[in-house]
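Below, chain A is the first sequence line, B the second, and so on; all start at residue 1. Keep in mind that this is a model prediction, so the values were computed, not measured.
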Number of protein chains: 2
Amino acid sequence: MNKMATRTLIEGGFQSGVPLYKEVRTQILQAISSGEWRAGDALPTERQLCERFHVSMGTLRKAVDDLTVTGVLVRQQGRGTFVARHSEDRYIFSFFHLVPRNAQKEYPKVDFQNFKMTIADEFAADQLNVRLGTPLVNITNRLSLGGHVASIDEIFLPAALFPGMTREVIKNRNTTLYQMYQDKFEVTVIRTAERLSAAVCSVRQGKLLEIDAGSPVLRINRVAYSFNNQPVELRLSFANTDRCEYVPG
Amino acid sequence: MNKMATRTLIEGGFQSGVPLYKEVRTQILQAISSGEWRAGDALPTERQLCERFHVSMGTLRKAVDDLTVTGVLVRQQGRGTFVARHSEDRYIFSFFHLVPRNAQKEYPKVDFQNFKMTIADEFAADQLNVRLGTPLVNITNRLSLGGHVASIDEIFLPAALFPGMTREVIKNRNTTLYQMYQDKFEVTVIRTAERLSAAVCSVRQGKLLEIDAGSPVLRINRVAYSFNNQPVELRLSFANTDRCEYVPG
DNA sequence: CAGTGGTCTAGACCACATT
DNA sequence: ATGTGGTCTAGACCACTGT
């Protein structure tokens, strides 16, 4: 009987050889990226999802578990399961890794520095998986922790994904950039990949960081990905680690 | 009936309020750290573990799942569940984060530099959670990737945890340090915490790294923990990131 | 109170490894 | 053929939230 039920589902449209819970996970992701459930929305109850996907609680929960550990869904006991929204807390917890020495993690003060349009050079094209010369938005921010300048962030966005992005959109927000990507452009960052190295800071960076040119800085190369692993943001951060450290995870 | 079974177990010695699968996870960890199952050993089958802990498959598997994602156990379909052993592959995969630019991850060539006994200064005492002045082993290694010097590692171990540790033990091994800790001293590293910053390299470090003193280096502060979250190793790495990068995760 | 997710059961069959 | 972990079922009760 159990076996028959499983067989029926597989023959009914699922790929064979793929565990049911992975199929369910994929279908939930598709429902989100197709817009059926938007950021902040509550999903149907687990029992309803079981009916919809024709699976048992255990299988459904295994699929949802996967999506909660990757940060796509958030469960709240007694309330429901929700599509994760970006927030300051989520940004600090999942995406921002500079921590003041001898202090708690905190959301940085962000000072807008510059906005301009540019085109992808070889490096940016490679990182963002776009063609050489693709139009990009370039934003420069300065981040401070505890009243001290911590890093300079050079941000590059494929302009095609952010139609109508202007200096004013950047300056007039009162949320994190990732919240704004989500609310204004329906671009949801769900994962980032970072690579770190040590570098000497340039004259321009030194002025912004308020340290001497030639001082050592931590260089953080971050690419942010949306659903379906599409790169949506390249961010080069140059951090002065005199008063803060980088803590992975 | 289900409810009664659960109640019986809780009343029979488990703490109430704690999920059964967490109790099971704790008991498995205790069995490992008590030596009942050693690194590389196969655990009893899942069905036998169900009987031993008086839980169902689902609960047992949830406990074992937790221990596999944290790297304590390794499952092999058709063969069994094993206590994880340290190996080159595991070291690269879980604990070593320097990756050559434009190349695959690889295990570094390790050149022994120095061995000496010392005592914990304030910093080391804090990091290793020992008293000021506690005897420590201090090992200096030089790591190379692709034929180029990549980093200098300063390693500090609480001498009490490594009785009989000598220069010869270090030099005559043909395994990773973590394998040696496990095989010769029954110290099993299951987790590390790292913090990164940028620094300028000293004259001594410059000579070992074969770069100019004053060059920027990546400073990696790593503390390794055994079961029960006991710190067992402090490692300060100074990396030349000209030919490699640090990749978290 | 009703409704949600959280935990747990007592099995079953499937895929893989070893003998 | 046997034994292992991997997947899945069809429920149950528990803990928490909001009315």
Side-chain angles (χ1 to χ4, degrees), chain A residues 1-12 14-28 37 41-69 72-84, chain B residues 1-12 14-28 37 41-69 72-84:
Chain A
M1 185 58 175
N2 296 341
K3 176 180 175 181
M4 291 312 292
T6 304
R7 279 287 168 76
T8 301
L9 287 171
I10 291 175
E11 288 165 10
F14 291 110
Q15 296 172 32
S16 71
V18 177
L20 252 187
Y21 71 88
K22 290 193 179 178
E23 286 292 343
V24 173
R25 189 188 57 181
T26 300
Q27 298 209 2
I28 293 175
W37 304 317
D41 286 359
L43 265 61
T45 70
E46 296 190 337
R47 287 158 187 81
Q48 288 171 325
L49 289 172
C50 290
E51 285 184 23
R52 168 166 173 166
F53 298 120
H54 309 292
V55 298
S56 69
M57 278 288 303
T59 301
L60 187 276
R61 282 189 66 83
K62 188 155 183 176
V64 174
D65 282 348
D66 273 20
L67 293 170
T68 54
V69 301
V72 175
L73 299 179
V74 174
R75 280 207 269 241
Q76 294 186 37
Q77 187 175 10
R79 301 220 317 127
T81 302
F82 303 83
V83 181
Chain B
M1 185 59 175
N2 297 341
K3 176 180 174 181
M4 292 310 293
T6 305
R7 281 287 166 75
T8 302
L9 287 171
I10 292 175
E11 289 165 10
F14 292 110
Q15 297 170 32
S16 72
V18 176
L20 253 186
Y21 71 88
K22 289 193 180 178
E23 286 292 344
V24 172
R25 190 188 57 182
T26 301
Q27 297 209 4
I28 293 174
W37 303 316
D41 286 359
L43 265 61
T45 70
E46 296 189 338
R47 288 158 186 83
Q48 288 171 325
L49 289 172
C50 289
E51 285 185 22
R52 167 163 174 168
F53 297 120
H54 309 291
V55 298
S56 70
M57 278 287 303
T59 301
L60 187 277
R61 282 188 66 84
K62 189 156 182 174
V64 174
D65 282 348
D66 272 21
L67 293 169
T68 53
V69 299
V72 175
L73 298 179
V74 174
R75 280 207 268 239
Q76 294 186 36
Q77 189 175 10
R79 302 221 315 128
T81 302
F82 303 84
V83 181

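- B/L49 and B/P44 make their closest contact through CD1-O, 3.7 Å (heavy atoms, listed as atom of the first residue, atom of the second, distance).
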Is there any protein nitrogen or oxygen under 3.5 Å from a nitrogen or oxygen in nucleotides 2-4 of chain D, and what are the pairs?
{"residue": "D/dG3", "atom": "N2", "partner": "B/G78", "partner atom": "O", "Å": "3.1"}
{"residue": "D/dT4", "atom": "O2", "partner": "B/G78", "partner atom": "N", "Å": "3.2"}

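- For the pair B/E51 CD and C/dG11 P, the computed distance is 12 Å after rounding to whole Å.
- OP1 or OP2 of D/dT9 has at least one side-chain nitrogen or oxygen of A/T59 nearer than 4.0 Å.
- In this entry the distance linking CG of A/L67 with C1' of C/dG5 reads 16 Å, nearest Å.
- For B/S56, the listed nucleotide lying nearest its side chain is C/dA10; candidates were C/dA10, C/dT7, D/dT9.
- Contact check, B/K62 against C/dT7: a side-chain N or O comes under 4.0 Å of OP1 or OP2.
- With rounding to whole Å, A/E23 atom CD is found 13 Å from D/dT7 atom P.
- Within the model, atoms CZ of B/R47 and CE of B/M57 stand 5.5 Å from one another, a figure rounded to the nearest 0.5 Å.
- Distance A/L20 CG to D/dA10 P: 11 Å, rounded to the nearest Å.
- A/V83 and A/L73 make their closest contact through CA-CD2, 4.0 Å (heavy atoms, listed as atom of the first residue, atom of the second, distance).
- In this structure, NZ of A/K22 is placed 15 Å from C1' of D/dC8, rounded to the nearest angstrom.
- Close to D/dT7, at under 4.0 Å from its OP1 or OP2, lies a side-chain N or O of A/Y21.
- Atoms CD1 and CZ, from A/I28 and A/F53 in turn, are 5.0 Å apart once rounded to the nearest 0.5 Å.
- Going from atom CZ of B/R61 over to atom OG1 of B/T68 covers 8.5 Å, rounded to the nearest 0.5 Å.
- A/A63 and A/Y21 get closest at one heavy-atom pair: CB-O, 3.3 Å.
- As a whole-Å value, the separation of B/M57 CE from C/dC13 P is 14 Å.
- B/R61 has a side-chain polar atom (N or O) that falls below the 4.0 Å cut-off from OP1 or OP2 of D/dG6.
- If you find the closest nucleotide of DNA chain D to B/L43 and to A/L60, the one lying nearer the 5' end belongs to B/L43.
- Rounded to an integer number of Å, the gap from A/L49 CG to C/dT4 C1' is 12 Å.
- Of all heavy-atom pairs between A/V69 and A/D66, the closest is CG2-O, 3.1 Å.
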